[in-house]
2 protein chains.
Amino acid sequence: MTELGPGDASLLRKVNTKVTLRALRHEGAATLTRLGRITGLSRQTVEAVLDELAERGYVRELPPDEGVMGRPARRFAFRADAGYVVGMEIGGDGIVAALADLNGEVIAWRRAEVSGDATAHERLEAARRTSQACVDGAGVARRQVWAVAAGTPGIVDRTGRVSLAITLPGWTGVDLAGLAGRWLGGTALAANDANLAALAEHWRGSARHASDVVYVLTGHRTGAGILIGGRLHPGRTGAAGEIGTLRQVGWEDAARELVKESSAAEVFEAALNGDREAARRVDHYAERLAIGASALALAVDPELLVLGGGHSRAGDVLLEPLRRHLAELCVSAPEVVASTFGDEGVALGAVRLALDHVEREILGI
Amino acid sequence: MTELGPGDASLLRKVNTKVTLRALRHEGAATLTRLGRITGLSRQTVEAVLDELAERGYVRELPPDEGVMGRPARRFAFRADAGYVVGMEIGGDGIVAALADLNGEVIAWRRAEVSGDATAHERLEAARRTSQACVDGAGVARRQVWAVAAGTPGIVDRTGRVSLAITLPGWTGVDLAGLAGRWLGGTALAANDANLAALAEHWRGSARHASDVVYVLTGHRTGAGILIGGRLHPGRTGAAGEIGTLRQVGWEDAARELVKESSAAEVFEAALNGDREAARRVDHYAERLAIGASALALAVDPELLVLGGGHSRAGDVLLEPLRRHLAELCVSAPEVVASTFGDEGVALGAVRLALDHVEREILGI
DNA sequence: CCGACATACGTGAATTGGTTACATAAGTGG
DNA sequence: CCACTTATGTAACCAATTCACGTATGTCGG
């Protein structure tokens, strides 16, 4: 995994820069002495590292704390506003774009509705407009955007091209990463929506403490994303988790059956209120989900299964039968929880993906 | 994944030791100058590193090459005989033990038959005797054995305990790692057999060039192992890949149906010779395999699917229908190949697991 | 046998990065 | 205004590495 090269002396400085930067970002703002204690490095080393980082613009010196004993200490903070990233969801219902600083704090959201049968061109135009408006509206210069990531239904290959999308017309073959790179500055990435939502849950949601996670995205479409060792596992073609395509699983029409004539929310509501027929439909839907989820859970044996997407808002009405069916199917079923994020999960995961890229490539963390 | 600590100066030496040792092991034997060129380090550094390694006993100086121009260069080689590891399979048919040096060269095999309905105690005794005989017979002192690993059917948890085994009587609950540690010296590890076989294929077999691999172990029992990023993916409970337990998959009795009254080899042979009924049975078996394999392939989206275990010897008679059924079930089916190792795969994978442990913990690679 | 050549070894100085120890500076609190 | 607390600044030292250059030790051709 980690390529290991020979170490000349400057490798040490690189390592210590990473360690210091990580500690500083974790602390928010800190003095030299404190950073030294945390990292295990000497104060002098930390000082040298921070002066260098300040020079490069990644770190800012703050005015010293007042009212404390002793000589005032130099304080530093990571410059989260040194750059920005954009994460977006390009889905069947519309576009969600989020602008975040280098700490991952989202400073602007933007949404746009796009009908499910819009052409690829219309959808892409909406995405371009929405992402650009999100950045411009926040008063951030486009060249300040270091990376962009987009999540979308369907299979997205390693280069960021949509290699297969059944639910969106004309979507197969779209070079999403290539296009998004032209809308804004910086590197552009694209990935499957469920995968990104999984990433978001691991970052700040229900899956914070798990490293192997299966995420099941419910809604009009049913999909899944997999995290292994806390990292995205896209697979060779980007199709990892696309268990729904297996006929035996029946994810294709699971959602359709659930919402036959009423809305999903109504069905869940009715089931909660004791409607036997609604309860039966929810149970049947849960069983369908469980079959696919159990295949994933048996394959990956994750610590956690997160239920996300539109229908996860139903909560225990859906979670309880899902847990029950899953327990029947798995030797040792994983814990099942609802996702923390609603319809912001995919865009948030895209932010995280873009940040990962920035931290790896630019900050060298 | 990688924990990153602060770097004092000695970190550099550690890194360069690893790089040098890796290069040396790759070369077999090499001069200082050559190692310097390969690693990108200066000759002096390489020399200091190797002198240190020689002192610690990991490396040996060889007599210089003769008949070449210029001043004879100091030559070094990794001391593969500085320690040994044992890998073993404890299966339903019997025991396979392999003793290997630190280069992974197997210097002794040992086998013992144990009937499928032997008690756990009998099986363990056979394993103890076989592994000890393997080491003693090769003239290696038991304290020279740095690590032992064992593969077995069933689910093996992270501590090396068999948490569930259906096929072997009394096997559930056996603390395999704990016991194996007492038979021989060193650390002891235990894992699922299919997982280890997958590791062996990645190490020296059909899966050498793939990093994400699904391995399907055929035979009396059908199981699977998963490699992600070239590393074992055991999952939370060690049950990753145990898709066979899903009823819809039908791995439980797939093998039983194939061999109804004749032996598996006979069925394959007959199918090859144009026997329609045999071909139908093989096709049905392949379909059963493909259903489970496709679930794994869709979940993991691997680069390669390796078919191993007893029935993989059948070759194309089985591979061809498997590929066909897999292509029907998967969006983009992975390449399917037969395993390189027959009944030695599990023990060989155990050797690799033990070596991984040694390299990580002792050599610090 | 001997000189030319090729190649590797050996040594010392310079560089980079890091640590420890201790004197000094700059605040707070009575 | 003095004691106290805490951080900074400086100097000496160490560890690991590289570069430059001189030296050693073999082969090859006559």
Side-chain angles (χ1 to χ4, degrees), chain A residues 4-24 27 29-56 59-77 364, chain B residues 4-24 27 29-56 59-77 364:
Chain A
L4 191 60
D8 69 324
S10 72
L11 175 69
L12 263 189
R13 177 51 67 89
K14 270 188 201 154
V15 167
N16 288 334
T17 301
K18 287 181 196 181
V19 170
T20 306
L21 200 49
R22 188 206 291 168
L24 180 62
E27 291 291 298
T31 68
L32 296 179
T33 325
R34 172 149 183 73
L35 283 175
R37 262 202 302 273
I38 296 173
T39 58
L41 294 166
S42 74
R43 179 177 47 80
Q44 283 90 330
T45 301
V46 172
E47 184 169 20
V49 164
L50 284 179
D51 283 341
E52 211 173 87
L53 284 171
E55 187 111 359
R56 287 202 276 155
V59 141
R60 175 197 347 264
E61 184 160 3
L62 304 176
D65 260 342
E66 286 176 22
V68 295
M69 288 281 251
R71 178 172 178 170
R74 298 177 72 186
R75 285 198 316 144
F76 289 84
Chain B
L4 191 61
D8 70 324
S10 73
L11 175 70
L12 263 191
R13 177 53 66 93
K14 269 189 202 154
V15 167
N16 288 334
T17 302
K18 287 181 195 180
V19 170
T20 307
L21 200 49
R22 189 206 290 168
L24 181 61
E27 290 291 299
T31 67
L32 296 180
T33 322
R34 170 146 182 75
L35 283 175
R37 260 202 301 273
I38 296 174
T39 57
L41 295 166
S42 74
R43 179 176 47 81
Q44 286 91 328
T45 301
V46 172
E47 183 168 24
V49 164
L50 283 180
D51 284 341
E52 212 174 86
L53 285 171
E55 187 112 1
R56 287 201 277 157
V59 140
R60 175 198 346 266
E61 185 160 3
L62 303 176
D65 260 341
E66 287 176 20
V68 297
M69 288 279 250
R71 177 172 177 170
R74 299 177 70 187
R75 285 199 315 142
F76 290 84

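As the structure is a prediction and not an experimental result, all values here were calculated from the model.
As a whole-Å value, the separation of B:Met69 CE from D:dT27 C1' is 6 Å. As a whole-Å value, the separation of A:Arg43 CZ from D:dT8 C1' is 5 Å. Atom-to-atom, CG of B:Leu12 to P of D:dT17 comes out at 5 Å; the value is rounded to the nearest Å. What separates CG of B:Leu41 from P of D:dC19 is a distance of 11 Å, to the nearest Å. Following rounding to the nearest Å, A:Arg13 (CZ) and D:dA16 (C1') show an atom-to-atom distance of 15 Å. Rounding to whole angstrom units, CD of residue A:Glu47 and C1' of D:dT10 are separated by 11 Å. Here D:dA7 presents its P atom at 11 Å from CG of A:Asp65, a figure rounded to the nearest Å.
Checking A:Leu21, A:Val59, A:Thr45, A:Thr17 one by one against A:Leu50, the side chain to side chain contact (heavy atoms under 4.5 Å, CB included) holds for a single residue, A:Val59.
Within the 4.0 angstrom heavy-atom criterion, base atoms lie near B:Gln44. Across all strands, B:Arg74 comes closer than 4.0 Å only to sugar-phosphate atoms, never to a base (heavy-atom distances).
Nearest heavy-atom pair across B:Leu32 and B:Phe76 is CD2-CE1, 3.6 Å. Nearest heavy atoms, B:Leu24 versus B:Ala30: CD1-N, 4.0 Å.
Sequence order on DNA chain C of the closest nucleotides to B:Arg75 and A:Thr45 puts B:Arg75 first from the 5' end.
Between the B:Arg75 side chain and the B:Pro64 main chain, no donor and acceptor come within less than 3.5 Å of each other. Distance alone, capped at 3.5 Å, places no donor-acceptor pair between the B:Arg60 side chain and the B:Ala77 backbone.
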Q: Could you give me the CA-CA distance, side-chain angles and deciding distance for B:Arg56 and B:Leu53, then say whether side-chain contact (heavy atoms from CB on, under 4.5 Å) is met?
A: CA-CA 5 Å; B:Arg56 287 201 277 157; B:Leu53 285 171; 3.8 Å; yes
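For D:dA16, neither phosphate oxygen OP1 nor OP2 lies less than 4.0 angstrom from any side-chain nitrogen or oxygen of B:Asn16.
At a threshold of 4.5 Å between non-hydrogen side-chain atoms, the residues A:Ile38 and A:Arg34 count as touching.
Between chain A and DNA chain C, the heavy-atom contact criterion of under 4.0 Å yields a 5' to 3' nucleotide range of C:dG17 to C:dG29.
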